[in-house]
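Everything below concerns the one structure shown next.
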Amino acid sequence: MNLLFREKKSRKEKAKENSSISVQTRERVKYGFSANYTENSLYKSIRENIPLIDVCILKIRRLVGHFEVKCEDEETERLLNEFLAGIKVGLSGRGISDFIGNYLEQMLTYGSAIGEIAVKGREIAALYNAPLDIVSVKEEKPLELSYFVRKGFEEVKCPYPELILFSALNPEPGEVYGVSLLRGLPFISEILMKIYKTIGINWERVGNIRFAVSLKDDDSAFASERVKSVAEEWQKAMRSSEVNDFISLGEISVKAIGSDINIPESQIPVRQMLEQIVAKMGLPPFLLGLSWSSTERMSSQQADILTSEIESYRMLLSPVIDRIIKLWMRLEGRMCQYRLEWNEITMQDEVDHAKAKLMNAQADEIERKFEN
């Protein structure tokens, strides 16, 4: 009896060791698309065609920064931070910072973000950022979300929704999906792309100089031969890699085509469009390398506004991180209080905090002197 029990136990252990990582939100064959596919494709195209918008999202990702987990138990804190630093992300990523960064980019670009905790046996094996174009989120029951993924030509409900991470950025009342940070920019981006395109066309026309060579009135019988000879000499002079003189007989005039046409001024309209983009993204211009006039006080106020923006993004990401940590603790059999400690957004914040502590300490010392 004991032998049979040991054999069953060994089979279970082998099955546990040989079990593979199962990801619900990954599609083997891609067919069809979700309801928001067209809108998401538009936002993706905007990021690809307007470098400033792509830079803004990457800047926000870097400014959100990293975090550490502080626990009451030192051993749990050490093991948890090692797990978060070394967890596999997708096919080639490593560390929860990679997962959270991709998650935030997806949420800013498309308004929603979906990820999944991949479990192997009784441990968290990986974190996976799911593409939005194959996953649908629906409200089947009141205030309860269900997740569906396309498998071939049909939608299959994910059987373990507790392993799926979903966040929506500023969703409208009654809506499941969030609002992209790029909403309102397609019109601005279209105008900006038209300006850039016409600049290229104008420079191609005017910058690549073409000449008009004309002979004065020549009514002789050899006019056609003279024109042919002038044309050959002109082409020979222009095609040569070295400087050649153009020599001809008779009165000839040479003019550059379009030399009297001025290229339309583009700096003011381009700046107007960029101002709209920067205002929508919420980043100070000096962070993007735009040398627009601003006072020192204005820059300080813009930095304070940026700090509040980054804090709001961290508040959206914290519940996602909490779910990953709590699941890890349950699987490891460890339960203790913990807190997330995000790093300071900028060095200026650290300087301001240090000055505030110094001023508070000086004020306390002055109060004690007056009391005595």
Side-chain angles (χ1 to χ4, degrees), residues 21 23-25 57-120 122-132 135 137 145 147 158 160-171 177-178 181 307-346 349:
I21 303 174
V23 180
Q24 308 169 80
T25 53
I57 294 178
L58 294 177
K59 286 280 187 183
I60 293 174
R61 173 177 177 171
R62 286 193 287 269
L63 287 171
V64 167
H66 308 283
F67 65 90
E68 290 185 355
V69 183
K70 298 296 182 180
C71 302
E72 295 178 345
D73 181 47
E74 294 183 358
E75 179 68 14
T76 302
E77 178 180 328
R78 182 183 64 82
L79 293 175
L80 178 56
N81 283 305
E82 288 180 356
F83 159 75
L84 294 176
I87 182 67
K88 184 178 179 181
V89 178
L91 298 176
S92 58
R94 185 70 63 177
I96 194 170
S97 296
D98 195 3
F99 171 77
I100 290 298
N102 295 331
Y103 193 87
L104 177 61
E105 272 195 56
Q106 191 180 54
M107 182 167 55
L108 295 177
T109 305
Y110 306 115
S112 304
I114 294 181
E116 185 178 352
I117 306 172
V119 178
K120 180 180 180 182
R122 293 188 56 84
E123 64 180 11
I124 298 177
L127 299 174
Y128 177 71
N129 295 101
L132 286 170
V135 181
V137 184
L145 298 179
Y147 306 95
C158 297
Y160 305 106
E162 63 275 6
L163 297 178
I164 296 178
L165 308 169
F166 176 75
S167 299
L169 179 65
N170 302 325
Y177 292 98
L181 187 63
T307 303
S308 63
E309 291 284 339
I310 299 303
E311 290 294 340
S312 66
Y313 294 138
R314 288 178 172 180
M315 291 176 63
L316 290 173
L317 296 175
S318 293
V320 177
I321 301 170
D322 285 336
R323 287 187 57 185
I324 298 172
I325 293 175
K326 288 178 181 178
L327 179 59
W328 179 85
M329 285 189 173
R330 286 198 299 269
L331 294 176
E332 295 291 328
R334 297 174 179 269
M335 295 301 296
C336 67
Q337 297 294 327
Y338 68 91
R339 68 180 186 276
L340 299 179
E341 288 190 358
W342 294 88
N343 62 339
E344 294 291 346
I345 296 174
T346 62
D349 291 335

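Any value given below was found using the heavy atoms of this structure, including those in side chains, with hydrogens, waters and symmetry copies removed. Sequence positions, counted from 1, serve as the residue numbers for this chain.
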Mind listing the closest non-hydrogen atom pair of [X] and [Y] along with its distance?
{"X": "Cys158", "Y": "Pro161", "result": "O-CD, 3.8 Å"}
{"X": "Ala130", "Y": "Val135", "result": "CB-CG2, 4.3 Å"}
{"X": "Ala125", "Y": "Lys120", "result": "CB-CB, 3.7 Å"}

Worked verdict on Val64 versus Arg314 for side chain to side chain contact (heavy atoms under 4.5 Å, CB included): CA-CA 7 Å; Val64 167; Arg314 288 178 172 180; 4.1 Å; yes
CA sep, side-chain torsions, deciding dist, call: Ile60, Glu105, side chain to side chain contact (heavy atoms under 4.5 Å, CB included): CA-CA 9 Å; Ile60 293 174; Glu105 272 195 56; over 6 Å; no
Working to the nearest 0.5 angstrom, can you tell me the gap between [X] [atom1] and [Y] [atom2]?
{"X": "Ile117", "Y": "Ile324", "atom1": "CD1", "atom2": "CD1", "value": "5.0 Å"}
{"X": "Glu68", "Y": "Asn81", "atom1": "CD", "atom2": "CG", "value": "6.0 Å"}
{"X": "Ser312", "Y": "Met315", "atom1": "OG", "atom2": "CE", "value": "8.0 Å"}
{"X": "Leu104", "Y": "Arg61", "atom1": "CG", "atom2": "CZ", "value": "8.0 Å"}

Parallel, tilted or perpendicular: rings of Tyr177 and Phe166 (30°, 60°):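 Perpendicular, since the angle between the ring planes exceeds 60°.
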Could you pull out every donor-acceptor pair under 3.5 Å between side chains of residues 92-100 and any protein atom, sequence neighbours left out?
unit_1	atom_1	unit_2	atom_2	d
Arg94	NH1	Gly86	O	2.9
Ser97	OG	His66	ND1	3.1
Asp98	OD1	Asn102	ND2	3.3

[X] versus [Y]: any side-chain heavy-atom pair under 4.5 Å?
{"X": "Leu127", "Y": "Tyr103", "answer": "no"}
{"X": "Cys71", "Y": "Leu80", "answer": "yes"}
{"X": "Phe67", "Y": "Ser318", "answer": "no"}
{"X": "Val69", "Y": "Leu340", "answer": "yes"}
{"X": "Leu84", "Y": "Trp328", "answer": "no"}
{"X": "Arg334", "Y": "Leu79", "answer": "yes"}
{"X": "Ser167", "Y": "Leu316", "answer": "no"}

Full working for side chain to side chain contact (heavy atoms under 4.5 Å, CB included) between Tyr313 and Leu108: CA-CA 9 Å; Tyr313 294 138; Leu108 295 177; 3.6 Å; yes
Other residues, nucleotides, ligands: >12 heavy atoms within 6.0 Å of Gln337 CD: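 No.
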Polar side-chain atom of Glu77 near backbone of Tyr338 as donor-acceptor pair, under 3.5 Å: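 Side chain of Glu77 to backbone of Tyr338, a donor-acceptor pair under 3.5 Å: no, none is there.
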Short side-chain to backbone donor-acceptor contact, Ser112 and Ala168, under 3.5 Å: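 Not at all, since once roles are kept as given, no pair shorter than 3.5 Å links the two residues.
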Trace of the side chain to side chain contact (heavy atoms under 4.5 Å, CB included) decision for Ile164 with Leu145: CA-CA 11 Å; Ile164 296 178; Leu145 298 179; over 6 Å; no
Qualifying residue for side chain to side chain contact (heavy atoms under 4.5 Å, CB included) with Lys326, from Arg330, Met329, Arg323: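 By the side chain to side chain contact (heavy atoms under 4.5 Å, CB included) criterion, Lys326 pairs with just one of Arg330, Met329, Arg323: Arg330.
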Salt bridge (charged side-chain N to carboxylate O under 4.0 Å, His left out) partners for Glu162, two or more places apart: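 For Glu162 there are no salt bridge (charged side-chain N to carboxylate O under 4.0 Å, His left out) partners, ignoring immediate neighbours.
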Basic-acidic side-chain contact under 4.0 Å: Arg78, Glu82: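 So Arg78 pairs with Glu82 through a salt bridge.
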